[in-house]
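The figures here come from the full heavy-atom set of this structure, side chains too, leaving out hydrogens, waters and symmetry mates.
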Amino acid sequence: MEPKSVTAPIAIELSNINGGISAITVVSVTICGMLGASIGPAILNLCKIKNPIARGSAMGCASHGIGTSRALEESAIEGAVSGLCIALMGVATSVLMPIFNRIAGI
């Protein structure tokens, strides 16, 4: 479950490297992306978040590629920021996950 906030190829490799079950990882990443893309904009509207940079960041960090395509439908700025956030989440998770696992003794 640790790598669920990154895109599927990165999540699978992180899961394999850290002794996880890649099938469960793929399912959790897919469900997270689909839920984020389908209800993410409604939640952002409910929270009255109008800034396209904030909306794109939220969609990219939470719902990966599916969310980025949804953010791109909203506006070009949201889509661009969302794509950037996917990359940043991938790098941050790839670097920090092994460090946190070492600290936790996993």
What distance separates [X] [atom1] from [Y] [atom2], expressed to the nearest 0.5 Å?
| X | Y | atom1 | atom2 | answer |
| --- | --- | --- | --- | --- |
| T25 | N16 | OG1 | CG | 8.0 Å |
| I17 | I12 | CD1 | CD1 | 12.0 Å |
| M59 | H64 | CE | NE2 | 11.0 Å |
| L88 | C61 | CG | SG | 7.5 Å |
| L84 | M89 | CG | CE | 12.0 Å |

- Query: For atom CD1 of I77, is the number of surrounding heavy atoms from other residues, nucleotides or ligands below 6.0 Å larger than 12?
  - Reply: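 It does not: I77 CD1 has 12 such atoms or fewer within range.
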
- Task: Using a cut-off of 6.0 Å, state whether more than 12 heavy atoms not belonging to I53 lie near its atom CD1.
- Result: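 No, not enclosed.
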
If every non-hydrogen atom of [X] is compared with every non-hydrogen atom of [Y], which pair is closest and at what distance?
| X | Y | result |
| --- | --- | --- |
| S57 | V81 | OG-CG1, 3.4 Å |
| A62 | C32 | O-SG, 3.2 Å |
| G36 | S63 | CA-CB, 3.6 Å |
| V6 | G90 | CG1-CA, 3.7 Å |
| S94 | I10 | OG-CG2, 3.7 Å |
| I49 | R55 | O-NH1, 2.8 Å |

